[in-house]
Amino acid sequence: MGQVFYYRKYGIKRHIEEAVVVTSYEEIANETTGLLHTKPKNSNTRLLVRVFFITSIMFWIVLFGGSAFYFFRPGQEIDLSQLHLIPQLFGWGSAILYCVSRIPQIMQNFRNESVQGLSLVMFIFSVVGNLTYCISIVLESVEPTYLLINYPWLLGSGGTLFFDFTIFFQFYMYRKPTNLEHKHMTQDD
């Protein structure tokens with residue numbers, strides 16, 4: 001939290017000073033130009049955001065629908081007396097917060113059309129950690145009562161993988177072209 005307060009107080013001024021540097025007289029702002037030099041937005045960004053939201057909603061509907069069918073299908077025996085209210089509430093709260101924690105970063109990446117400042121290695125470790133956590137629960141038991149008790153934690157770790165893979169897609173989409181790709185793109189023009 002210390003970094004947040006530091007950069008709010010001291011980092012903003014430096015960023016603004018760097019952003020308004022004029023390199024030539026032709027770039028001086030007038031009534032038709034923006035005050036800050038920005039790169040043009042990709043026209044696909046709005047489409048990608050819509051696709052992200054639609055696939056997110058579809059993913060969660062299929063996940064919850066499939067889970068409801070698995071746990072509560074006819075003939076399925078589940079001992080609901082093993083569910084304890086307080087741990088389940090904390091588990092569901094944790095799962096919801098953990099799953100939605102990636103959404104602000106994903107939206108910021110779409111808005112900026114960049115993943116600058118994000119560590120790809122951190123997300124790789126996050127995916128590996130979430131996968132091993134889910135696998136450890138499933139390897140313990142696949143009995144439906146056990147899985148229902150642990151469902152919030154499975155959902156928290158497993159559901160976050162969807163958003164982590166969205167960030168991997170952003171790393172791919174917003175990567176900087178290598179010298180070979182840059183040469184190939186300029187030769188096509």
Side-chain angles (χ1 to χ4, degrees), residues 1-23 27 29 32-67 92-131 133-134 152-186 188-189:
M1 286 303 291
Q3 287 181 333
V4 171
F5 293 120
Y6 174 82
Y7 284 109
R8 281 186 182 168
K9 185 172 182 178
Y10 302 109
I12 301 278
K13 293 176 187 174
R14 186 173 346 128
H15 177 70
I16 290 173
E17 290 168 3
E18 292 172 359
V20 294
V21 172
V22 177
T23 57
E27 295 180 8
T32 62
T33 61
L35 295 177
L36 298 177
H37 179 68
T38 59
K39 68 177 188 172
K41 294 288 184 187
N42 185 349
S43 62
N44 291 332
T45 298
R46 190 170 277 193
L47 174 68
L48 288 172
V49 170
R50 288 181 181 152
V51 168
F52 167 71
F53 276 119
I54 290 169
T55 56
S56 296
I57 291 168
M58 289 174 29
F59 170 77
W60 290 107
I61 288 171
V62 168
L63 182 68
F64 282 124
S67 299
W92 280 105
S94 169
I96 290 168
L97 291 173
Y98 194 47
C99 284
V100 301
S101 68
R102 302 290 199 267
I103 293 175
Q105 184 63 57
I106 290 169
M107 295 311 299
Q108 183 75 23
N109 295 346
F110 279 133
R111 234 185 330 272
N112 294 340
E113 295 182 0
S114 170
V115 289
Q116 184 178 2
L118 291 182
S119 171
L120 179 62
V121 175
M122 188 210 73
F123 283 98
I124 290 171
F125 284 137
S126 176
V127 165
V128 171
N130 286 325
L131 278 174
Y133 185 70
C134 290
W153 293 273
L154 280 170
L155 183 66
S157 290
T160 303
L161 292 172
F162 172 78
F163 297 115
D164 286 339
F165 285 116
T166 301
I167 291 175
F168 286 148
F169 171 71
Q170 290 177 330
F171 270 104
Y172 173 76
M173 195 170 73
Y174 300 131
R175 73 189 186 285
K176 293 187 175 159
T178 61
N179 288 339
L180 183 60
E181 289 174 338
H182 185 65
K183 286 180 186 177
H184 181 59
M185 289 187 324
T186 55
D188 289 343
D189 294 338

Item to complete: Count the heavy atoms of every other residue, nucleotide or ligand shown that sit under 6.0 Å from CZ of Phe64, and state whether that count exceeds 12.
Response: yes
Worksheet item: How long is the span from the OG1 atom in Thr166 to the CZ atom in Phe52, to the nearest 0.5 Å?
Response: 5.0 Å
Worksheet item: Atom CG in Leu118, atom CG in Asn109: separation rounded to 0.5 Å?
Response: 5.0 Å
Practice prompt. Spell out, as yes or no, whether a donor-acceptor pair under 3.5 Å connects the side chain of Gln170 to the backbone of Val115.
Written response: no
Discussion item. Trp92 vs Leu155, test: side-chain contact (heavy atoms from CB on, under 4.5 Å). Steps then yes/no.
Written reply: CA-CA 9 Å; Trp92 280 105; Leu155 183 66; 3.4 Å; yes
Item to complete: Using side-chain contact (heavy atoms from CB on, under 4.5 Å) as the criterion, list what pairs up with Val62, not counting sequence neighbours.
Response: none
Fill in: side chain to side chain donor-acceptor pair (under 3.5 Å) pairs, two or more places apart, involving residues 49-58
none
Worksheet entry | Sequence neighbours excluded, every pair satisfying side chain to side chain donor-acceptor pair (under 3.5 Å) that has a member inside residues 95-104 | Tyr98-Asn130, Arg102-Ser126, Arg102-Asp164
Worksheet entry | Residues that Met173 engages under side-chain contact (heavy atoms from CB on, under 4.5 Å), provided they are two or more places apart | Leu48, Phe110, Phe169
Worksheet item: Looking at Trp60 and Cys99, what are the two nearest heavy atoms and their distance?
Response: CH2-SG, 3.6 Å
Fill in: Worked check of side-chain contact (heavy atoms from CB on, under 4.5 Å) between Leu120 and Ile167
CA-CA 9 Å; Leu120 179 62; Ile167 291 175; over 6 Å; no
Worksheet entry | Closest contact, heavy atoms only, Phe171 versus Ser119 | CZ-C, 4.0 Å
Worksheet, complete the sentence: Heavy-atom nearest pair, Cys134 first then Ser157, reads SG-CB, 3.6 Å
Worksheet entry | Partners meeting ring pair (Phe, Tyr, Trp, His ring centres under 6.0 Å) with Phe59 (sequence neighbours left out) | Phe162
Item to complete: List for me each residue that meets ring pair (Phe, Tyr, Trp, His ring centres under 6.0 Å) alongside Phe168, sequence neighbours excluded, and say none if there are none.
Response: Phe165
